[in-house]
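Below is one structure; the comments refer to it alone.
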Number of protein chains: 2
Amino acid sequence: MNVDVQSERDTKLVELLLILFDQFREHAFACISAADLSIPHAAALLRLDSPLSQRELADCLKYDASNITSIVDTLARRGLLERQIDPTDRRVRRLIVTAEGRTVIAQLRQRVLEEATVVSELDEHERAQLQALLTKAVGRRTTSTWVELFRGWP
Amino acid sequence: MNVDVQSERDTKLVELLLILFDQFREHAFACISAADLSIPHAAALLRLDSPLSQRELADCLKYDASNITSIVDTLARRGLLERQIDPTDRRVRRLIVTAEGRTVIAQLRQRVLEEATVVSELDEHERAQLQALLTKAVGRRTTSTWVELFRGWP
DNA sequence: TATTGTTATACTCTATAACTATA
DNA sequence: TATAGTTATAGAGTATAACAATA
């Protein structure tokens, strides 16, 4: 096949992916903002399924540790988590999500991933085909959680 | 088909798209930064294929007009574009990309879109299949240029 | 009066550096 | 001495409001 046609097709593929991603992004932003969270706050909360120290959370999210303080302050003030001083090392704060926090996490997860409609135009067979192709395209690559894609976004 | 299995598969599809997008994002950021541009500067420059006024540029990029001043200042200082006062309305500055600016635009476009390797794991037949499926999934949706997806990113 | 662009200002997100309490 | 967390501060990106020049 002609090289130009090949590269033109690949360009088209990238553009198609970007359109789908753009749609997902708008959907995800709407969900986060409906939960009255910012992106950094949502990213932090969604990481806390299992308790972490502030330092561990910073490392997971690739934030400097100095930023975690105010993010955790806000989430704690909202009653979504609690700081507990680690009895075995009194420097460490373990972050424990409250019952209310767990509800917020569960709702956000469900809405963002399950109510995404990026492939609503496809029937069941086509979705299966698409999934097979994308699985092959992705190979061994992995990503962090969806919300962490959005770091630094408005 | 069981509803849970259906929704689990859709979740998987979203995750696959996000992994591919994440790879593209890293590639695009590397290209922008190799061109010694920030995302807002790249977004502005890439919009100026055909000359616009500052106001028109702000509207295209969905920026408040007050931000355009410093972005255009920087690009002009770099010699990538020129402000020309519109002779028919002396309030308006038309933004004209220089020859050097056109070179930067062309290189950036080519590198970002043509050197993207999001589907390098697929053979020719699979790419064609994928393109057909994505075209159907996208339907009538469109997006702005790729770089505008990245507004507000680091 | 309305519009283009500029300036001043403020807010969010993020990083660096200096500090404290604890180890 | 080294580490967890906090505070102060700075810089980038973006928005709002007031202003000057022009229409």
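Reckoned from all heavy atoms, side chains included, excluding hydrogens, waters and symmetry mates. Every chain is numbered from 1, with letters handed out A, B, ... down the list of sequences.
In this structure, A:Arg25 is not positioned above the aromatic face of A:Phe21 in the sense of NZ or CZ being under 6.0 Å from the six-membered ring centre and within 45° of the axis.
Side-chain contact between B:Asp86 and B:Ser53: absent, with no pair of heavy atoms (C-beta onward) separated by less than 4.5 Å.
Applying the salt bridge (charged side-chain N to carboxylate O under 4.0 Å, His left out) rule to B:Arg83 yields the partners B:Asp73; only residues at least two apart in sequence or on another chain are considered. Partners of B:Lys136 under the salt bridge (charged side-chain N to carboxylate O under 4.0 Å, His left out) rule, at least two apart in sequence or in another chain, are A:Glu126. The side chain to side chain donor-acceptor pair (under 3.5 Å) check on A:Ser66 picks up A:Asp64, with sequence neighbours excluded. For B:Arg102, the side-chain contact (heavy atoms from CB on, under 4.5 Å) criterion is met by B:Val97, B:Ala99, not counting sequence neighbours. For the salt bridge (charged side-chain N to carboxylate O under 4.0 Å, His left out) test, no residue two or more places apart in sequence or in another chain qualifies with B:Glu15. With sequence neighbours excluded, the residues satisfying salt bridge (charged side-chain N to carboxylate O under 4.0 Å, His left out) with B:Arg47 are B:Glu148. Here B:Ser38 pairs with B:His41 under the side chain to side chain donor-acceptor pair (under 3.5 Å) rule; sequence neighbours left out. By the side-chain contact (heavy atoms from CB on, under 4.5 Å) test, A:Ser120 pairs with A:Thr117, sequence neighbours left out.
A heavy atom lying under 4.0 Å from DNA chain C marks the following residues of residues 64-71 of chain A, by number: A:Asp64, A:Ser66, A:Asn67. DNA chain D is contacted by A:Ser53, A:Gln54, A:Arg55 of residues 40-55 of chain A, taking any non-hydrogen atom closer than 4.0 Å.
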Inset, instruction - List the steps, then state whether side chain to side chain contact (heavy atoms under 4.5 Å, CB included) holds for B:Thr74 with B:Leu80. - result: CA-CA 9 Å; B:Thr74 305; B:Leu80 303 178; over 6 Å; no
Inset, instruction - Under the side chain to side chain contact (heavy atoms under 4.5 Å, CB included) rule, what do A:Ile39 and A:Ile32 come out as? Steps first, then yes or no, please. - result: CA-CA 7 Å; A:Ile39 289 161; A:Ile32 290 170; 4.1 Å; yes
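For B:Arg90, the CZ atom sits in a loose shell: 12 or fewer heavy atoms of surrounding residues, nucleotides or ligands are nearer than 6.0 Å. For CZ of A:Arg111, the number of neighbouring non-hydrogen atoms (other residues, nucleotides, ligands) closer than 6.0 Å is 12 at most.
Residue B:Arg83 has a polar side-chain atom (N or O) positioned under 4.0 Å from OP1 or OP2 of C:dT6.
Per the geometry, CG belonging to B:Asp36 stands 15 Å off C1' belonging to D:dA12, to the nearest Å. Note: CD1 (B:Ile85) to P (C:dT3) measures 21 Å, nearest angstrom. We find that CD of A:Glu56 is positioned 9 Å from P of D:dA4, with the value rounded to whole Å. With rounding to whole Å, B:Tyr63 atom OH is found 18 Å from C:dG5 atom C1'. Here the C1' atom of nucleotide D:dT3 and the CZ atom of A:Arg94 are 14 Å apart, to the nearest Å. Rounded to a whole Å, the CD1 atom of A:Ile32 is 12 Å from the P atom of C:dC13. If you take CZ of B:Phe29 and P of D:dG13, they are 12 Å apart, rounded to a whole angstrom. Rounded to an integer number of Å, the gap from CG of B:Leu61 to P of D:dT14 is 10 Å.
In the helix from C:dT1-D:dA23 to C:dA23-D:dT1, the end axes, each obtained as the rotation axis mapping the C1' atoms of four pairs onto the next four within a five-pair block, lie 20° apart to the nearest 10 degrees.
Toward the 5' end of DNA chain C, the nearer of the two residues A:Ser38 and B:Asp73, judged by each one's closest nucleotide, is B:Asp73.
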Legend entry - Base-contact (B) and sugar-phosphate-only (S) positions in nucleotides 18-23 of chain C, heavy-atom cut-off under 4.0 Å, - elsewhere: ---BBS
